[in-house]
Number of protein chains: 2
Amino acid sequence: MKKDTLRVLPLGGLGEIGKNMTVLEVDGRMLMVDAGVRFPSPEMHGVDLVLPDFTYVLEHADRLDGIFITHGHEDHLGALPFVLRELDREAPPVFGRRLTMAMARSKLDEHRLRDVELNALEPGEVVTVGPFVVELIHLTHSIPDAAGVLVTTPPGRVLITGDYRFDQSPVDGRPADFDRLARLGSEGLLLLCGDSTNADRDGFAPSESAVGPALFDVFARCEGRIVVTSFASNIHRVAQVVRAADELGRKVALVGRSMVKNVKIGRSLGHITIPDGTLIQPRQIGDFPDDELVIISTGSQGEPLSALRRMAYGEHQQVSLRAGDTVVFSATSVPGNERAVNETIDRLYQLGCDVVTAAQAPVHTSGHGYREELKLMLNLTRPRYLMPFHGDFKRIHLHALLAESVGITPDRVFRGENGRPLEIDAEGARFAEPVQAGMMFVDGLGVGDPEDAALHDRRALSRDGIVFVVAIAAQESDDEPVAAPEVILRGVPAAGGVDTLTEQLRGAVQKTLARAAREHIHDPQHLQEIVHDDLAALVYTLTKRRPMIIPVIVEI
Amino acid sequence: MKKDTLRVLPLGGLGEIGKNMTVLEVDGRMLMVDAGVRFPSPEMHGVDLVLPDFTYVLEHADRLDGIFITHGHEDHLGALPFVLRELDREAPPVFGRRLTMAMARSKLDEHRLRDVELNALEPGEVVTVGPFVVELIHLTHSIPDAAGVLVTTPPGRVLITGDYRFDQSPVDGRPADFDRLARLGSEGLLLLCGDSTNADRDGFAPSESAVGPALFDVFARCEGRIVVTSFASNIHRVAQVVRAADELGRKVALVGRSMVKNVKIGRSLGHITIPDGTLIQPRQIGDFPDDELVIISTGSQGEPLSALRRMAYGEHQQVSLRAGDTVVFSATSVPGNERAVNETIDRLYQLGCDVVTAAQAPVHTSGHGYREELKLMLNLTRPRYLMPFHGDFKRIHLHALLAESVGITPDRVFRGENGRPLEIDAEGARFAEPVQAGMMFVDGLGVGDPEDAALHDRRALSRDGIVFVVAIAAQESDDEPVAAPEVILRGVPAAGGVDTLTEQLRGAVQKTLARAAREHIHDPQHLQEIVHDDLAALVYTLTKRRPMIIPVIVEI
């Protein structure tokens, strides 16, 4: 790479929703912006988490000067412990705003990563990290302390917005820093890497501060208990639920580990204040009449182990839901979670609960700017180049079209994908040769790639099961084996019963071994092959499945 | 059950979307209405199909006088071959309209069930089946020949609507039989079992005949190839696609097995006519310029093996999609399929295709009546009692509220669930004791219940994998085993490599066996237990997973 060239390499978040990660490169040095995760889909059997493939970073670990995190959501912060653990070197310094760093600290503590330097920055504060001069710009989002990362490099400035919206009346009274963004526009912005999440939604997103009154109206009509579920990190939302409850004389209980944790962090940093006497412990819920309670719970995404799900299925220690309760979903389904959320909602209807979602009342608003907000960002910052970030290919496409509608010609818009670096120098911008990118899986204790044999095996096992055969072959003898073979099935559908199928297969193995003995076949490898092939054909005939077949021929 | 009592027993379709099945009982005789399937969710590892649990029917198989099918969709017809196969008796006669019976025939042929009596009825034709007097009433839906089943019984008449809407200008010019429904209202309807699928949508569904012009408008703007995906059974939709293509001088190719099959059946019964020279074979696609082609394809639900999905991933023999192609989704996602559909759409954007869905243009309409249509059905037929059918608990709840809004008092509305029979006699209606209901799984060749061991095992295997151990114990000897133990892993995540983990486990087994020999433990059962327990603890420490552990100790 030539001197004074800027390379912007997205490793996650393009062509997908989640696991955001970007690497900036100048003169052989690297800066990482965001390190997020995605949640596994049901096809990723048993995988715990999905990370961006950051092999490129690991291969050049010594060049990494620092990591900036735009805000504390899992899809921007969740991969940080894995990145730090896999780097075969002392951890580079990590930067972000106060709440973001508090959430990073809590996360690193869980992973016993205690020696990492976490630097809390104020917006406007300028730090120099290697060849990069970096400043955070205050933006609004569905978590406090969201920031865009502005990096000054030899060819010019690049702004990675992270997730944002332009809330004109935010709950904490601090709208995005329009002044700084406008100045940036006048001074000159080389490249904008902007959030595309809501590039398919017209207009402006309703203000977060409109949600509080809507919650109050819903609560005021309820005669029984109220359960509100929301993202635990949406601290302003939780604050608004608490305020509405308090105004109606209801007590508030927090249920779910992450809810309790995030409210604690939020309170300690002053993002949420709870009047004395309002908060009660979950075990005290039984001490209050139904119409004096609001329970704030995790589980807005239908997560199987979440508090709300357990309450709905009678598996929660302190709360079980029943007719007369109202459950308010102050959140929408993240794409992919629709089924789990709908299951939870339907279970609540089955119990006779009333359910209120954003479809019935404005009890939720998005943290991501709609189309007019994306255009406002473009008009404020007037970038030379745009690279739509944070979105699937459809949303990147729509964001690119929006840019054209505000006068950014198509040659200045770069529709990227993970692993495809954009290079910008004095002569212009262009895509360079792609580097390795994709997914890495957290699977048990390790971090592996999706082509991992264990996952392949689990996929096959989950579909068709497995057949084990153990047989003993007496060495170099034409006698039949000294012991009857053992056949063990797991997960193979047996229409006529497992015992019958096992006996059928065992008989077939015996026949195969007898035939082999007559044919003087003794080599265990060879025996294994013929047992495998005979059995595979028979199992398919009997079950119409193709389980894994593992013969073990023991020589004695 | 007392004489002259009617029992209405839903076995599927209540508290869920799909696998509709209802049993009517009078004086110890039974009639089945619909026999539908549901498609398995990803949690049902490898299960092929989900059926209603019809154990109750099997236990009283001799009482079953006939089966009526309302229309040819899988969620009403798909379980028919399994019901007929599991019944341990000669098949009862099956009834339905012509297209429905043609589709039933094709399905039964696939299952080699050739001796079933299929009776095609015209609407208005009255047949007597045991104590039941039955008549089909013409309704409109997203497949031709949809019908409600009207059954006259001693306490009165019950109408099971099946799926319906009131299309005021259907493509074939045959609106629902308003006259018959209104006469039913005047003569007296005891019980309406009505479709609740769209009880959450306000107003009237747009007419099917409005889709054709919308398709024409979209097609007219396209400069490249056009691919339209839709349900293959929506024969009027396919007819409208063909007409729009023909008007624009484009040839039509049908891609996907069920598309070809359904169009063939539809043509033979006169539901679709295709002008000479319009239809081409998929292998001829390359012979025509891009702007003279429309491809009609399966895959509107993102099914992994469907034609559209394979075209999008370059795995289709005749067609691979590229920039310049337009893909029109003339369908919406069935709940649960959102993820697969969105994946397909995003893949198409990645290829540079243009994608048109019902969100951008009115290229789809629902086959299920909206709220005003459900009210129209109630006002036409004026039933004494209502039991909302075909919907999850939320939609059943909403349908019940709608009934109240047109003057049906809550005591006349029965919110049921699968397995809960409604009994009606001269004195009134009430729920009776529930019978067995739920799901049965088609798993390989057999039909089993969800608690089936094979499925349980596959669920465990898919999460954590399996460890097999084979060791040989010399009988009653304190010597160490004659051969080293074998350890085989499948699906267990091995952060440090499978070979390393296998060696670690093999070493542990050897130690355990040596210890057992020192302690004079020879009983294979006992040895298996201690090997299992030692290994389980070690595997968890090394992998943080709990795979199945299967030790086989062979005595020689």
Side-chain angles (χ1 to χ4, degrees), chain A residues 15 41-43 45-46 200 335-336 338-339 342 345-347 349-350 355 392-394 396-397 417 443-448 452-455 457-466 468 470 472 482-483 486 488-496 498 542-545 548 550 552 554-556, chain B residues 15 41-43 45-46 335-336 338-339 342 345-347 349-350 355 359 392-394 396-397 417 443-448 452-455 457-466 468 470 472 482-483 486 488-496 498 542-545 548 550 552 554-556:
Chain A
S41 68
E43 295 77 42
H45 304 288
D200 58 341
E338 297 89 349
R339 186 204 303 262
N342 287 336
I345 289 177
D346 214 51
R347 170 66 188 173
Y349 273 106
Q350 189 179 11
V355 180
D392 53 20
F393 290 109
K394 173 184 171 182
I396 287 176
H397 170 76
E417 55 189 320
D443 191 5
L445 284 179
V447 173
D452 183 69
L455 180 64
D457 285 351
R458 290 207 298 278
R459 206 171 281 148
L461 291 168
S462 85
R463 211 171 41 225
D464 294 319
I466 189 165
F468 252 89
V470 179
I472 294 170
V482 290
E486 285 244 33
I488 296 167
L489 307 175
R490 286 292 184 272
V492 184
V498 177
L542 295 175
T543 67
K544 290 283 173 286
R545 290 292 172 99
M548 282 192 191
I550 313 234
V552 179
V554 185
E555 282 183 292
I556 52 165
Chain B
S41 67
E43 296 76 40
H45 304 288
E338 297 89 350
R339 185 205 304 261
N342 287 336
I345 290 177
D346 212 53
R347 171 65 188 174
Y349 273 106
Q350 189 179 10
V355 180
D392 53 20
F393 290 107
K394 173 185 172 182
I396 287 175
H397 170 78
E417 54 188 320
D443 191 7
L445 283 181
V447 172
D452 184 72
L455 180 63
D457 285 351
R458 290 208 299 277
R459 208 171 280 148
L461 291 167
S462 84
R463 213 173 35 227
D464 293 318
I466 189 165
F468 255 87
V470 180
I472 294 169
V482 291
E486 285 246 30
I488 297 168
L489 307 175
R490 285 292 183 275
V492 184
V498 176
L542 294 175
T543 68
K544 289 284 173 281
R545 289 293 171 97
M548 282 191 193
I550 313 235
V552 179
V554 186
E555 282 184 293
I556 53 162

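Any value given below was found using the heavy atoms of this structure, including those in side chains, with hydrogens, waters and symmetry copies removed. Since the model is a prediction, treat every value here as computed from it, not as a measurement. Proteins come first, then strands; the chains are lettered A, B, ... in the order of their sequence lines, and each starts at number 1.
Note on A/Leu461, A/Ile396, A/Leu489: by heavy-atom pairs under 4.5 Å with chain B, the leading option is A/Leu461. Between chain A and the options B/Arg463, B/Glu338, B/Lys394, heavy-atom pairs under 4.5 Å are most frequent for B/Lys394. Of the residues considered (B/Glu417, B/Arg347, B/Arg458, B/Lys544), B/Arg458 shows the highest number of contacts with chain A, using heavy-atom pairs under 4.5 Å. Of the residues considered (B/Pro335, B/Gly465, B/Ser41), B/Ser41 shows the highest number of contacts with chain A, using heavy-atom pairs under 4.5 Å. The most heavy-atom pairs under 4.5 Å with chain A, out of B/Ala494, B/Gly15, B/Ala460, B/Ser462, come from B/Ser462.
Contacts between B/Asp443 and chain A at a heavy-atom distance below 4.5 Å involve backbone atoms as well as side-chain atoms. Proximity to chain B (any heavy atom under 4.5 Å) is restricted, for A/Ile550, to the side chain, taken from C-beta onward. Using a 4.5 Å cut-off between heavy atoms, A/Val492 contacts chain B through its backbone alone, with no side-chain atom that close. Of the two parts of A/Arg490, the backbone and the side chain both hold a non-hydrogen atom closer than 4.5 Å to a non-hydrogen atom of chain B. Both the backbone and the side chain of A/Asp392 come within contact range of chain B, judged by heavy atoms closer than 4.5 Å. Interface remark: A/Gln350 contributes backbone and side-chain atoms alike to the contact with chain B (heavy atom separation under 4.5 Å).
In this structure, A/Asp346 has no side chain to side chain donor-acceptor pair (under 3.5 Å) partners at least two apart in sequence or on a different chain. By the ring pair (Phe, Tyr, Trp, His ring centres under 6.0 Å) test, A/Tyr349 is found to be paired with B/His397, residues two or more places apart in sequence or in another chain being considered.
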Evaluate the criterion side-chain contact (heavy atoms from CB on, under 4.5 Å) for residue pair B/Met548 and B/Asp457; output intermediate values, then yes/no.
CA-CA 9 Å; B/Met548 282 191 193; B/Asp457 285 351; 3.5 Å; yes

Given B/Val554 and A/Ile472, is the side-chain contact (heavy atoms from CB on, under 4.5 Å) satisfied, shown in steps?
CA-CA 9 Å; B/Val554 186; A/Ile472 294 170; 2.9 Å; yes

Assess whether side-chain contact (heavy atoms from CB on, under 4.5 Å) is satisfied between B/Phe468 and A/Ile488, documenting all intermediate values.
CA-CA 10 Å; B/Phe468 255 87; A/Ile488 296 167; 3.9 Å; yes

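Using modelled atom types, one side-chain atom of B/Arg339 and one backbone atom of A/Gly336 make a donor-acceptor pair closer than 3.5 Å.
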